[in-house]
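Accompanying notes for the structure given below.
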Amino acid sequence: MRITDARVVVTCPGRNFVTLKIVTDEGVTGVGDATLNGRELAVASYLTEHVVPLLIGRDPARIEDTWQYLYRGAYWRRGPVTMSAIAAVDTALWDIKGKVAGLPVYQLLGGRSRDGVTVYGHANAATVEEVLAEVARYADLGYRAVRVQVGVPGLAATYGVGRDRLFYEPADAAVPTETVWNTERYLHHVPSVFARVRSEFGPELKLLHDVHHRLTPIEAARLGKALEPYALTWLEDPVPAELQEGFRLIRQHTTTPIAVGEVFNTVWDCQQLITEQLIDYVRTTVVHAGGITHLRRIFDLAHLYHVRSGSHGATDLSPVCMAAALHVDVSIPNFGLQEYMRHTPETDQVFPHSYRFADGLLHPSEEPGLGVDVDEELAARYPYRPAALPVNRLEDGSMHHW
Ligand code: CS2
Ligand code: MG
């Protein structure tokens, strides 16, 4: 079998997505997500100019060799653009291998380790009263885990609190929206929110919170300590993670579990965090961490150090990424949680898929391959629209982390 074509599909059914579709001489096709929020066309161009020409004529069965060829062959290793492009190829090749074998991809990864994939939803609201109603809504839908983000009094906008509660989309303008941040107000407010949520919903519901990289290690340590009575499942991205040793300081002070890694692209981005047991969950996922092949390497390393998976699953990860992530999630020994933000109906139509939600769990497709596709004709009806992620400033105008 040989690869005869590889098409880069850019579409915007409510938000932008980049998808690679690989075609073979035997008519078997595979898809891979290549979406990098706010930088979509950089990956599309990387694929079109530098990857697609190398794929034509290759044997699609050689997944590992193709991965190494694209990774080592670029010379310029790592980075979100390169790794998203490699991920798209890798994911599409696993899809093809599954179809050729007549098996869902999770069977090729060792088969099921669990009945289903526990997911968390997003309860977002401007006020504590509203967010309690949102948490109740997720609990009613059967969710066993909920991420809670709430507006901070005195701040016009807060990360995670969108205009539409079901489809939080931070990339909302061609030129980045500017938001304003105040750490003191935030640190003062958040523990009182979790006190309310925990007392209303009891000890069983898993609660999570995303700091979105906005604190320093000592501030994060203070927040982690303040949240200990409310037994969070994780505190996410408490600090920017370029300085991996910075997490030691957080660790010395608090038992609140830490989740990090949605912006990581390779095992090297979390090697120290994992081997020094500085985190509890690693949030890498298929599209931004080099595909199924590399993601499994990260999770295998994590397994040795009691670190569990907690893959990113915001709406900018397409249904193709979600389909692939579920095959990994259901098969690995150290699965923790999977983020699940629902896509819009338009997105679901462009990417027909057969994973399904029931009782707080997602179930991967049982079809051969990944069980997801891209409807290229429909995709063409939604042209790309430039959309950037926001930026964040302190009240005195200094640039801060978003
Ligand atoms: C996030 C995302 O889901 C999350 O945890 O941090 O909303 C993130 O900001 C976007 O996916 C960025 O593309
Ligand atoms: Mg996050």
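Treat the numbers as computed from the prediction; the structure is a model and nothing was measured. Remember, it's 1-based here, ligands and their atoms both numbered in the order they're listed.
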### Query
When you measure from the Mg ion (ligand 2) to each N, O or S atom of E236, which atom gives the shortest distance?
OE2
### Query
In terms of residue, atom name and distance, what is the protein heavy atom nearest to atom 11 (O) of ligand 1?
D316 OD1, 2.7 Å
### Query
Taking atom types as modelled, is there a side-chain donor on E339 or H122 under 3.5 Å from an acceptor on the other?
yes
### Polar contact flag for R283 and ligand 1 (N/O pairs, less than 3.5 Å)
yes
#### Entry: Per-atom contacts, ligand 1 versus R147 - under 4.0 Å to a heavy atom
3 (O), 4 (C), 5 (O)
### Query
Can you find a non-hydrogen atom of Y340 under 4.0 Å from ligand 1?
no
### Carboxylate-amine/guanidinium proximity below 4.0 Å for D95 and K99
yes
### Summary
Heavy-atom proximity to atom 6 (O) of ligand 1, picking from E262, H122, E339, points to E262
### Message
Taking distance alone, with N or O pairs closer than 3.5 Å, would you say Y120 contacts ligand 1?
### Response
no
### Message
For N/O/S atoms only: which one belongs to D210 and is nearest the Mg ion (ligand 2)?
### Response
OD2
#### Entry: Sidechain N-carboxylate O distance under 4.0 Å for R222, E184
no
### Message
Under 3.5 Å, is there a donor on one side chain and an acceptor on the other for T315 and E169?
### Response
yes
### Message
Can a side-chain donor-acceptor contact be found between N124 and Q149 if the only test is distance below 3.5 angstrom?
### Response
no
### Message
I want to check something: taking the side chain as every heavy atom from C-beta on, are Y355 and H363 in contact at a cut-off of under 4.5 Å?
### Response
no
#### Entry: Proximal ligand 1 atoms for D210, defined as those under 4.0 Å from one of its heavy atoms
1 (C), 4 (C), 5 (O), 6 (O)
#### Entry: Residues T256 and E228: side-chain donor-acceptor under 3.5 angstrom
no
### Message
Looking only at protein heavy atoms, which one is nearest to atom 9 (O) of ligand 1, and what is the separation?
### Response
H212 NE2, 2.8 Å
### Query
Among protein heavy atoms, which lies nearest atom 12 (C) of ligand 1, and at what distance?
N37 ND2, 3.8 Å
### Task
Report the part of M341 (side chain from C-beta onward, or backbone N, CA, C, O) that has a heavy atom under 4.0 Å from ligand 1; answer both or neither where that applies.
neither
### Query
Are Y69 and E64 linked by a side-chain donor-acceptor pair shorter than 3.5 Å?
no
### Message
Between R147 and Y120, do the side chains contain a donor N or O and an acceptor N or O under 3.5 Å apart?
### Response
no
## Note on the structure
The answer for which part of Y159 has a heavy atom under 4.0 Å from ligand 1 is side chain
### Query
In E262, the N, O or S atom nearest to the Mg ion (ligand 2) is which?
OE1
